[in-house]
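All remarks here apply to the structure that follows.
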Amino acid sequence: MTAVPVDLERLTAWLDARALGSGEVALTALGGGTQNVMALIQRTGFEAVLRHPPPYKRANSDETMRREATVLRALTNTDVPHPRLIADEPSLEVLGSAFYIMEPVHGFTPTLGLPDEYADPAWKHAMGLSMADGIAALGCVDHVSVGLGTLGRADGWLERQVDRWLAHLVSYEGTPNYPGHEIPNLTKVSDWLDAHRPTSWKPGIIHGDFHFGNVMFRDDQPALAAIVDWELATIGDPLLDLGALLATFPTGGSGVSVIDATDLPTRGELIDRYIERTAGSGREVTAELATWYQVLAGYRLGIILEGTNARAYAGHAPREIGDMLHATTLSLFQSAAELIATGP
């Protein structure tokens, strides 16, 4: 059993108070994430996954846990594939941090390898299209009717994106030992986004970090089992999730490549699938609009990942993780610059 940095005695008492299993609690760390702690909880008659902030919490770590739990609870009766929330603890009294537990998802994380069935080109192609299906389902949820009307500040969301994330990048400068960001194409990308900003948009739920590393697939068919890691979920334009999918989708060329691109759908097929699945939602999508959101998604994600690089300089994240994510940031900005130059 891998050690997990939580008070096992306090967690056991918390589970007992909710009649969630009985007896000794075993915790086993789960991999796949770089930002938060996940662990499998096992005891007699009960199994669940714990999600908890990292040992070195960020200023918003507890609020992030509360937000994730709120979103998962709201998605309970929707078509969006997600882990079912079992219980959450918004206070810091139990483990010193807010946390929640959710049902284990049966399936696999594609970035860790694909089962033999996915060697079938048809399965691999369907796998890619199901990514578009997942965010299309999320984009069609009425955020007000499921109780998420106050999750984020919709007014001015689109207009403040570029400056907000640029300010986020500048905020890293105060991190101990961080030498400062060196991101080629930063100015080019931010200027282009400001100059080509869409004139209208429709609010909805966004996952905020949608890519192959934050989903699980089913073993018995090429379809999503669950979208996971909801820490950046908010109210904004769901087209940002389409942009994130496009920005991180394996292409066989430059950019982020987490699985082999062979047999996966093309960019155009993903856009067409999203349009098909969101028909009737009142959301208009064009190739040009998808390009703008793809560039925004790469810009935003690159800046977020650079934050972990800064934290690694301060000793609050593994240095190898910081190096890996900084390289990803550079790749995202390079891909955005190439997209700006070539168009949709």
Side-chain angles (χ1 to χ4, degrees), residues 1-78 80-109 111-112 146-148 151 207-209 213-219 225-233 308 311 315-318 321:
M1 181 180 73
T2 303
V4 179
V6 299
D7 188 316
L8 193 58
E9 184 176 341
R10 285 178 171 271
L11 177 61
T12 300
W14 186 85
L15 293 168
D16 286 343
R18 288 156 181 78
L20 298 173
S22 61
E24 182 179 356
V25 173
L27 278 183
T28 306
L30 298 174
T34 62
Q35 309 298 327
N36 293 290
V37 171
M38 285 202 303
L40 180 65
I41 300 173
Q42 292 175 303
R43 67 189 314 207
T44 301
F46 184 70
E47 186 174 84
V49 172
L50 167 72
R51 190 149 163 89
H52 185 281
Y56 293 99
K57 291 198 295 184
R58 299 170 181 79
N60 66 340
S61 285
D62 295 309
E63 183 54 36
T64 293
M65 292 297 107
R66 298 181 190 112
R67 174 180 294 256
E68 289 189 29
T70 296
V71 171
L72 292 179
R73 183 179 293 108
L75 293 177
T76 298
N77 295 314
T78 70
V80 180
H82 66 282
R84 186 181 72 84
L85 180 72
I86 297 174
D88 64 304
E89 180 54 58
S91 78
L92 312 187
E93 297 176 0
V94 179
L95 298 181
S97 300
F99 66 92
Y100 67 89
I101 58 173
M102 55 189 171
E103 276 191 343
V105 177
H106 298 290
F108 67 94
T109 302
T111 55
L112 302 179
V146 297
L148 297 180
L151 181 67
H207 176 270
D209 194 18
N214 280 341
V215 297
M216 294 184 67
F217 278 89
R218 295 178 56 160
D219 294 304
I227 302 171
V228 298
D229 291 3
W230 292 83
E231 64 188 271
L232 295 177
T308 300
R311 285 166 52 80
H316 295 168
I321 295 296

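Being a predicted model, the structure only gives us computed values, none of them experimental. The analysis underlying the following values was restricted to heavy atoms, covering all of them including side chains, and did not include hydrogens, waters or symmetry mates. The first residue of the sequence shown is numbered 1, and numbering continues consecutively from there.
Ser91 and Glu89 are linked by a side-chain donor-acceptor pair at a separation below 3.5 angstrom, with hydrogens and angles left out of the test.
Between Arg66 and Thr64 there is no side-chain heavy-atom pair separated by less than 4.5 Å. Counting heavy atoms from C-beta on, the side chains of Glu103 and Pro83 never come closer than 4.5 Å. Counting heavy atoms from C-beta outward, Phe108 and Asp219 have side chains that approach closer than 4.5 Å. Side-chain contact between Met65 and Asn36: present, with at least one pair of heavy atoms (C-beta onward) separated by less than 4.5 Å. The shortest side-chain heavy-atom distance between Asp16 and Ser22 does not fall under the 4.5 Å cut-off. Side-chain contact between Val105 and Phe217 is absent, with no heavy-atom pair separated by less than 4.5 Å. Side-chain contact between Phe99 and Val6 is absent, with no heavy atoms from C-beta onward closer than 4.5 Å. At a threshold of 4.5 Å between non-hydrogen side-chain atoms, the residues Ile101 and Trp14 count as touching.
The CG atom of Leu232 lies 8.5 Å from the CD atom of Glu68; values are rounded to the nearest 0.5 Å. Leu50 CG to Met102 CE: the interatomic distance, rounded to the nearest 0.5 Å, is 8.5 Å. Atom CG of Asn214 is separated from atom CG of Asp229 by 4.0 Å, given to the nearest 0.5 angstrom. Atom-to-atom distance recorded for Leu72:CG and His82:NE2 is 6.0 Å, nearest 0.5 angstrom. Taken from OG1 in Thr12 to CG in Leu27, the straight-line distance is 8.0 Å, to the nearest 0.5 Å. Rounded to the nearest 0.5 Å, atoms CE (Met38) and CD1 (Ile41) are 12.0 Å apart.
Nearest heavy atoms, Ala98 versus Pro53: O-CD, 3.2 Å. When all heavy atoms of Pro55 and Val37 are compared, the pair lying nearest together is CD-CG2, 4.2 Å. Closest approach of Val25 and Leu15 over heavy atoms only: CG2-CD1, 4.0 Å. Scanning all heavy atoms of the two residues, the minimum distance from Leu95 to Asp7 falls at CD2-O, 3.6 Å. Taking all atoms of both residues into account, the shortest heavy-atom contact from Asp88 to Ala69 is CB-CB, 3.7 Å.
For the pair Arg218 (side chain) and Ala225 (backbone), a donor-acceptor distance under 3.5 Å is absent. A donor-acceptor contact shorter than 3.5 Å is absent between the side chain of Arg311 and the backbone of Ala317. Using modelled atom types, no side-chain atom of Arg18 and backbone atom of Ala87 make a donor-acceptor pair closer than 3.5 Å. Remark: side-chain polar atoms of Arg10 are paired, donor with acceptor, to backbone N or O of Glu93 under 3.5 angstrom.
Under the 4.0 Å criterion applied to side-chain N and carboxylate O atoms, Arg51 and Glu231 are assigned as salt-bridge partners. We find that Asp62 and Lys57 are joined by a salt bridge, their nearest charged nitrogen and carboxylate oxygen being less than 4.0 Å apart.
Checked against the 6.0 Å centroid criterion, the rings of Tyr100 and Trp230 do not qualify as a close aromatic pair.
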- Task: For the pair Thr76 and Leu85, evaluate side-chain contact (heavy atoms from CB on, under 4.5 Å) and give the outcome as yes or no after the intermediate values.
- Result: CA-CA 8 Å; Thr76 298; Leu85 180 72; 5.7 Å; no
